[in-house]
Amino acid sequence: MKTLFATAAVTAMMAGSAMAQEIIVVTHGQASDPFWSVVKNGAAEAAKDTGATVDVRSPETFDMVQMSQLIDAAVNQEPDGLVVSIPDADALGPSIQRAVDAGIPVISMNSGGDVSKELGAMLHVGQSEYDAGKAAGVKLAEMGGTKGICVNQEVGNVSLDQRCAGFAEGFGNSVEVIPTMTDPAEVESKVRAALESDPDVNTVLGLSAPIVGEPSVKAVKAIGRDDVLVATFDMSSSFLQSVVDGDAAFAIDQQQFLQGYLPVAFLALNAKYGLMPAGDVPSGPNLITQDKAEQVIDLAAKGIR
């Protein structure tokens with residue numbers, strides 16, 4: 001009887017192992033970035049919930065050549081599904097097409113929603129970056145903004161360019177794009193210089209909370225410009241506290257946990273049962289203003305928002 005039970009247990013374990021899906025996620029952002037660590041948390045939660053094996057990979061820096069090589073390597077492994085962000089369709093398109101041609105189901109997330117379908121992806125999970133920027137511009141103009149800067153920490157990332165372009169349209173006033181690197185100290189210095197050189201600039205839009213939003217708040221405080229509106233894409237507990245305290249206007253939440261979670265869950269369900277949503281899934285934007293910020297701080301600290 002013991003032998004029978006043992007054999008049944010082993011058979012069940014082998015069956016469970018055989019059904020486990022392998023899903024590879026390739027992003028342009030590193031897990032060391034607080035934003036992308038939340039994406040990775042979402043993917044890990046989906047792996048736990050579905051029983052899939054999930055491997056999250058990214059280049060060491062914003063490097064499209066290295067990212068395309070990572071996608072090619074993933075294709076060679078023949079996973080049950082591939083999740084990709086698409087910050088540069090021209091650079092990554094051929095590698096994504098190789099995955100599609102190999103019969104690997106692909107879902108795009110975070111960036112590339114406008115090119116996802118033509119590259120062969122099944123759907124996209126994310127937000128329209130242009131529309132999100134436009135919504136931010138409209139809100140900042142309503143709050144009294146008259147001249148703005150858009151601080152771009154990843155020049156060459158099409159999605160970030162779209163954010164600034166949308167902001168300029170929605171804002172309806174003068175907007176200058178300030179290029180920086182992913183160094184908060186450099187961002188603070190450049191934002192401070194922009195504000196000191198032109199007192200008419202009273203609006204700052206950052207494209208990352210920890211990299212741009214937080215140092216922009218510091219820059220504004222350092223020069224005593226309490227008339228300056230500071231808003232940012234994405235969130236951090238520190239920036240949200242600035243919103244609560246009235247030192248920042250709002251954060252734009254694209255719910256990146258969902259961007260990590262949903263593609264993995266969809267691909268696992270597709271491999272098991274052939275299930276897939278019929279269209280793209282918009283994860284944002286949501287504007288987190290002072291009345292909402294305090295509720296979100298705890299979840300941001302936990303790596304969920």
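What you are looking at is a predicted structure, and each value in this text was computed from that prediction instead of being measured.
- Tracing side-chain contacts under 4.5 Å through hydrophobic residues (I, L, V, M, F, W, Y), one never reaches I178 starting from F62; they form parts of separate clusters.
- A distance-only check finds a donor-acceptor pair linking the side chain of K292 to the backbone of L287 [under 3.5 Å].
- Nearest heavy atom pair, residue V243 against residue A251, reads CG2-N, 4.5 Å.
- Q127 and D131 share no side-chain donor-acceptor pair at under 3.5 Å.
- Of the possible polar contacts, none joining the R163 side chain to the C150 backbone as a donor-acceptor pair under 3.5 Å is found.
- A distance-only check finds no donor-acceptor pair linking the side chain of S58 to the backbone of H28 [under 3.5 Å].
- Under the 3.5 Å distance criterion, the side-chain polar atoms of S283 are matched with a main-chain donor or acceptor of Q254.
- A donor-acceptor pair under 3.5 Å links the side-chain atoms of E186 to the main chain of M181, judged by distance alone.
- Shown here for L119 and Q97, the closest heavy-atom pair between the two residues is O-OE1, 3.4 Å.
- When all heavy atoms are compared, the tightest approach of A209 to T232 is N-OG1, 3.4 Å.
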- Could you go step by step and tell me if N202 and T146 meet the side-chain hydrogen bond (donor to acceptor under 3.5 Å, both in side chains) rule? CA-CA 7 Å; N202 66 351; T146 54; 3.2 Å; yes

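- A side-chain donor-acceptor contact under 3.5 Å links D291 and T289.
- Closest approach of A219 and V191 over heavy atoms only: CB-CG1, 3.9 Å.
- V201 and L205 fall into different hydrophobic clusters, where Ile, Leu, Val, Met, Phe, Trp and Tyr residues are linked whenever their side-chain heavy atoms come under 4.5 Å apart, directly or through other members.
- For D114 and Q162, the side-chain atoms include at least one donor-acceptor pair closer than 3.5 Å.
- For the pair Q153 (side chain) and P179 (backbone), a donor-acceptor distance under 3.5 Å is absent.
- The neighbour count for K302 NZ, taken as heavy atoms of other residues, nucleotides or ligands under 6.0 Å away, does not exceed 12.
- D72 and S95 share a side-chain donor-acceptor pair at under 3.5 Å.
- Formation of a donor-acceptor pair under 3.5 Å by the N110 side chain with backbone atoms of G126 is not found in this model.
- Donor-acceptor pairing under 3.5 Å is lacking for the side chains of Q21 and T50.
- A donor-acceptor pair under 3.5 Å links the side-chain atoms of N173 to the main chain of F171, judged by distance alone.
- One distance of note links CD1 of I71 with OG of S85; it measures 7.5 Å at 0.5 Å rounding.
- Here the closest non-hydrogen pair linking G145 and L229 is N-CD1, 3.6 Å.
- Closest heavy-atom contact between R225 and V220: O-CG1, 2.9 Å.
- No side-chain donor from either of Q66 and E60 sits under 3.5 Å from a side-chain acceptor of the other.
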